[in-house]
Number of protein chains: 2
Amino acid sequence: MATSAPDHLSPRRRPRQARAAATVDAIFEATIQLLVAEGMQRLNTTRVARRAGVSVGTMYQYFPHKQALIYALNERYLEVLAATIEDTCQTQEGAPLDLMIEALIDAYWRAKTERPEVTRALYRWVVEIDNEALITAFATRVDAATTAMLASAADARFAEVQAVNLTIVTVIFGTVHNAFERNLSQGAADELRRQLTCCADPTSERRQADEAAM
Amino acid sequence: MATSAPDHLSPRRRPRQARAAATVDAIFEATIQLLVAEGMQRLNTTRVARRAGVSVGTMYQYFPHKQALIYALNERYLEVLAATIEDTCQTQEGAPLDLMIEALIDAYWRAKTERPEVTRALYRWVVEIDNEALITAFATRVDAATTAMLASAADARFAEVQAVNLTIVTVIFGTVHNAFERNLSQGAADELRRQLTCCADPTSERRQADEAAM
DNA sequence: ACCTGAACACCGTTCAAGT
DNA sequence: ACCTGAACACCGTTCAAGT
């Protein structure tokens, strides 16, 4: 993730002095605030620069264009999310499968729900941008963490961890994303989450088949 | 869906004469082509108008602004998708549950995969737009169709169809969305789909609980 | 009722000049 | 090494004039 940004989207220059780092932070902060407060539509470079307390020119020293700024913002967000999931997976090493699943759902759900406005603002990101690299890097990292976790389950062995992992991760993340998009009521969300926890857990008649195949 | 577009996004004028209808169609077609060929970034009103063979002014007679154009495009897309799902659900009336689930997954999956570039282009839609109305209308319509279908299952009765329905729909749509986003290989996609078909089917120990609750 | 396109305003981006 | 902001270019949107 650290090095994967395509050339045309990577920062133009990295801050070397303290005041430069402060400048970049201020720009990020200003962007988030404006994004949350007024949406992508009203986000323009002039406003970002003004709120960050720098001139437009300064902004352009660090980000070659507006999209690179949004891209960097997302990069940061996914970085934190990936780290959270890696943590969760490590904590669950060797635990029973159902606890793993529950912890994973919990971690992802919480990450999305904690600051919904930010999540929403970034989801609603102008995705003209070539964000495939970002998504791929994120997916790779998450897959590694979850596969390792699943392989270590105390009460289950899988003939094809890769495939099982892919399903679990896609189902969980996809479902949460979609639930989020739907703006469910608290009650509905809770119920869905309860059912998802059952559903995503391959412990049931399906696992026996996998185990038999070993 | 037909009437739900918020004021600021609804068409400025509806075509009354034949040539006007042709104009609107040409504009839609041009927009899709440019979107698929060059992405949202390079989509500007001048280019759309030129490719559609009309002047910018004409475009603005039908769409109050660029976003309204994209909005209308999505409205069309969701209209077709919703109709497809309604069809599927009606066809499955009274069928066994596992066939229903399979048909639903199949319909949604196919719809997304048939013209991936278009799907992708619209997913990557500039979502600064207030598309909540669109999403809500779509969700309502789909929920009605799927709930009715599930309630008619030949081999299952649910104590709380609403809740079960919400889970099934969210899991399926979310998973497919996510799978799509990940750009899976054919093999991986097939395997995921197979497992999803099992996973989304509440026929298993979980159903008995529901039935007992009746 | 429908179409045209020059004119205007706004905003992304640059660059010559500063500390 | 870092910052400034006026100047430029591009593109969304309008409107007076046309059929």
Side-chain angles (χ1 to χ4, degrees), chain A residues 7-31 34-35 37-73 125-130, chain B residues 7-31 34-35 37-73 125-130:
Chain A
D7 268 16
H8 62 109
L9 288 173
S10 57
R12 181 167 276 170
R13 150 212 297 260
R14 306 197 152 275
R16 299 179 166 269
Q17 297 179 5
R19 66 169 166 164
T23 299
V24 171
D25 278 345
I27 293 172
F28 275 134
E29 192 48 39
T31 310
L34 284 174
L35 220 47
E38 325 210 22
M40 194 60 104
Q41 264 198 90
R42 295 183 47 83
L43 188 82
N44 62 313
T45 51
T46 321
R47 257 187 280 268
V48 169
R50 187 170 46 222
R51 175 168 291 229
V54 299
S55 77
V56 238
T58 298
M59 245 198 64
Y60 276 88
Q61 279 199 305
Y62 298 100
F63 305 99
H65 42 251
K66 194 182 164 186
Q67 297 199 343
L69 173 61
I70 313 286
Y71 188 92
L73 212 59
W125 170 26
V126 200
V127 209
E128 313 109 63
I129 294 180
D130 172 25
Chain B
D7 268 16
H8 62 110
L9 288 173
S10 56
R12 181 167 277 170
R13 148 208 303 256
R14 307 196 152 277
R16 299 178 166 270
Q17 297 179 5
R19 68 169 165 163
T23 299
V24 171
D25 278 345
I27 292 173
F28 274 133
E29 191 48 39
T31 309
L34 284 174
L35 219 46
E38 325 209 22
M40 194 61 102
Q41 264 197 92
R42 294 183 47 83
L43 187 82
N44 63 312
T45 51
T46 322
R47 257 187 280 266
V48 169
R50 187 169 48 225
R51 175 168 290 227
V54 298
S55 77
V56 237
T58 298
M59 246 198 64
Y60 275 87
Q61 279 199 307
Y62 298 101
F63 305 98
H65 43 251
K66 194 183 165 185
Q67 297 200 343
L69 173 62
I70 312 285
Y71 188 91
L73 212 60
W125 170 26
V126 200
V127 210
E128 313 109 62
I129 294 180
D130 172 24

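Reminder, nothing fancy here: chain letters follow the sequence lines and each chain counts from 1.
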Check your understanding: Is there a side-chain contact between A/T23 and A/I27, using heavy atoms and a 4.5 Å cut-off?
Key ->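 SC-SC contact between A/T23 and A/I27 confirmed.
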
Point to revise | Pair pattern of DNA chain D in dot-bracket, where unpaired bases get dots and | marks partners in another strand, Watson-Crick or G-U under 3.5 angstrom | key: ||.|||||...|||||.||

Practice item. Look at all strands and tell whether B/Y62 reaches a base, only sugar-phosphate, or nothing, counting heavy atoms closer than 4.0 Å. Key: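 Sugar-phosphate, backbone atoms only, no base.
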
What residues, two or more places apart in sequence or in another chain, satisfy side-chain hydrogen bond (donor to acceptor under 3.5 Å, both in side chains) together with [X]?
X: B/T58; value: B/S55
X: B/R51; value: B/Q33
X: B/R47; value: B/N44
X: B/R19; value: none

Restricting to nitrogen or oxygen on both sides, can you table the protein-nucleotides 17-19 of chain C pairs closer than 3.5 Å?
none

Point to revise | Partner set under salt bridge (Lys or Arg N to Asp or Glu O under 4.0 Å) for A/E38, not counting sequence neighbours | key: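 Result, salt bridge (Lys or Arg N to Asp or Glu O under 4.0 Å) vs A/E38: A/R42.
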
Review point. For the atom pair CD (B/E29) and CG (B/L34), what is the distance rounded to the nearest 0.5 Å?
Key: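 The distance works out to 10.0 Å.
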
**Study point:** Interatomic spacing from OG1 in A/T45 to CG in A/L69 - rounded to 0.5 Å
**Key:**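 Here the interatomic distance stands at 9.5 Å.
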
Review point. Expressed in angstrom and rounded to an integer, what is the separation of B/R50 atom CZ from C/dT4 atom P?
Key: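 Distance check: B/R50 CZ to C/dT4 P gives 14 Å.
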
Check your understanding: With A/A26, which residues qualify under side-chain contact (heavy atoms from CB on, under 4.5 Å), at least two apart?
Key ->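 Once residues adjacent in sequence are excluded, the partners of A/A26 under the side-chain contact (heavy atoms from CB on, under 4.5 Å) criterion are A/A52.
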
Check your understanding: Considering all heavy atoms of both residues, which atom of A/T31 and which atom of A/L43 are nearest to each other, and what is their separation?
Key ->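 What the structure gives for the nearest pair is O-CD1, 4.0 Å.
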
Detail all sub-3.5 Å separations between protein N/O atoms and N/O atoms belonging to nucleotides 8-15 of chain D.
residue, atom, partner, partner atom, Å
D/dG12, OP1, B/K66, NZ, 3.2
D/dG12, OP2, B/T45, N, 2.6
D/dG12, OP2, B/T45, OG1, 2.7
D/dT13, OP2, B/Y60, OH, 2.6
D/dT13, OP2, B/K66, N, 2.8
D/dT13, O5', B/Y60, OH, 3.2

Practice item. Can you tell me, in whole Å, how much space there is between the C1' of C/dC11 and that of D/dC8? Key: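 About 12 Å, rounded to a whole number of Å.
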
Review point. Mind checking the P distance from D/dC2 to C/dA17? Whole angstroms is fine.
Key: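 Their P atoms lie roughly 22 Å apart.
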
Check your understanding: Any side-chain N or O of A/T23 under 4.0 Å from OP1/OP2 of D/dC3?
Key ->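 Checking D/dC3 against A/T23, a side-chain N or O does come within under 4.0 Å of OP1 or OP2.
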
Review point. Mind checking what makes ring pair (Phe, Tyr, Trp, His ring centres under 6.0 Å) contact with B/F28, not counting sequence neighbours?
Key: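 Once residues adjacent in sequence are excluded, the partners of B/F28 under the ring pair (Phe, Tyr, Trp, His ring centres under 6.0 Å) criterion are B/F63.
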
